[in-house]
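Worksheet: the structure to be examined is printed underneath.
One-based numbering, in listed order, for ligands and for the atoms of each. Here the structure is a predicted model, which is why all the values come from computation and not from measurement.
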Amino acid sequence: YVIFTDLDGTLLDENYTYDDALPVLNTLKERNVPIIFCSAKTRTEQEVIRKKMEIYHPFIVEDGSAVYMPAGYFGERKGEVINGYEVIILGVRFEEIAKEIEKVRKRYPIKGYHHMTVEEVAEVTGLSIEEAKLAKQREFSETVVEASEEALEELKKKFNVVIGGRFIHVFGKGADKGKAVRILTNLYREKYGNVTTIGVGNSYNDEPMLRAVDIPAIVRNPDGKWADLKIENIYRANGIGPKGWAEVVKKFVLGE
Ligand code: 2M8
């Protein structure tokens with residue numbers, strides 16, 4: 001088994017904690033089941049979570065903009081070597097996105113993280129100052145917190161513009177959580193033969209990831225509702241966030 005998972009609202013609850021998933025996470029680690037983060041979060045944000053959870057498998061950053069693999073993870077080199085990782089980039093660099101946003105901003109109102117201080121990002125997201133700093137270290141996307149319809153229409157001509165959990169995510173048209181999941185799935189199958197993939201998410205922007213796995217599952221949101229996704233055979237866990245996550249893993253991976 002390989003588990004692809006979203007972070008915010010899925011493995012992490014609204015306070016960015018994951019106590020409810022901890023026992024199951026530990027069992028998965030003992031059994032060496034790869035847990036692959038697939039999230040809007042940046043590399044540096046995910047590095048902190050990886051370290052805290054002691055999960056050292058590949059990970060997908062900024063809405064499928066890049067696949068980071070620990071060097072040598074699949075044996076032969078699979079991507080460009082950057083900072084001790086092998087990286088496959090599907091999106092575009094932040095600078096390109098920021099440049100376009102500045103152009104659009106001359107005509108229409110739009111505000112992204114790069115217009116805000118660390119304190120302001122912490123305030124709107126509920127992240128700590130330290131975490132907000134990492135959320136601002138964007139390599140392949142920008143998080144937009146306010147924008148007019150016209151501004152978004154302009155940006156859509158050049159980039160993917162999607163609603164994340166709460167904010168608007170702007171990233172390269174080639175970036176795609178689903179494509180990133182398929183790349184990694186193929187690498188696992190090349191190396192280990194037949195593997196079953198499970199995807200866990202909570203929102204609309206997880207749909208590409210969920211469509212790319214064998215077993216798609218969603219957890220409940222804090223309001224008690226499931227995202228309205230039209231995916232055949234999707235499993236709807238009863239629990240909210242990490243509680244639902246544990247439920248999915250128990251049912252499909254641990255056979256409990
Ligand atoms: C943004 O992502 C979330 C989840 O999709 C959102 O839009 O609500 C990103 O900036 C991410 O990097 C950051 O960690 C998160 C904080 O809530 O917000």
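- At the shortest separation from atom 7 (O) of ligand 1 among protein heavy atoms lies His169 NE2, 2.7 Å.
- Residues Leu155 and Val104 form a side-chain contact, since some pair of their non-hydrogen atoms from C-beta on lies under 4.5 Å apart.
- In terms of protein heavy-atom proximity, atom 8 (O) of ligand 1 is nearest to Arg166 N, 2.7 Å.
- Side-chain contact check for Ile183 versus Leu90: some heavy-atom pair is nearer than 4.5 Å.
- Under the 4.0 angstrom criterion for non-hydrogen atoms, Arg138 is in contact with ligand 1.
- Considering only non-hydrogen protein atoms, atom 15 (C) of ligand 1 sits nearest to Asp8 OD2, 3.5 Å.
- Taking every non-hydrogen atom of Thr143 and a distance limit under 4.0 Å, the qualifying atoms of ligand 1 come out as 9 (C), 10 (O).
- Looking from atom 5 (O) of ligand 1 to the surrounding protein, the closest heavy atom is Gly165 N, 3.1 Å.
- Of the polar atoms of Tyr113, at least one N or O is found under 3.5 Å from an N or O of ligand 1, judged by distance alone.
- Ring to ring, Phe37 and His57 are not that close: their centroids are 6.0 angstrom or more apart.
- Looking at Lys133 and Glu130, a side-chain N of the basic residue comes within less than 4.0 Å of a carboxylate O on the acidic one, giving a salt bridge.
- In plain terms, the two heavy atoms of Ala212 and Gly178 that are nearest each other are CB-O, 3.7 Å.
- Only side-chain heavy atoms of Tyr16 come within less than 4.0 Å of ligand 1; its backbone N, CA, C and O stay farther off.
- Annotation: Phe74 is in aromatic contact with Tyr188 [ring centroid separation under 6.0 Å].
- Heavy atoms of Glu45 found under 4.0 angstrom from ligand 1 belong exclusively to the side chain.
- The shell of residues lying under 4.0 angstrom from ligand 1, judged by heavy atoms, excludes Glu131.
- Any N or O atom pair closer than 3.5 Å counts here, and Phe167 shares at least one such pair with ligand 1.
- At a cut-off of 3.5 Å, with distance as the only test, no side-chain donor of His114 or Arg138 sits close to an acceptor on the other residue.
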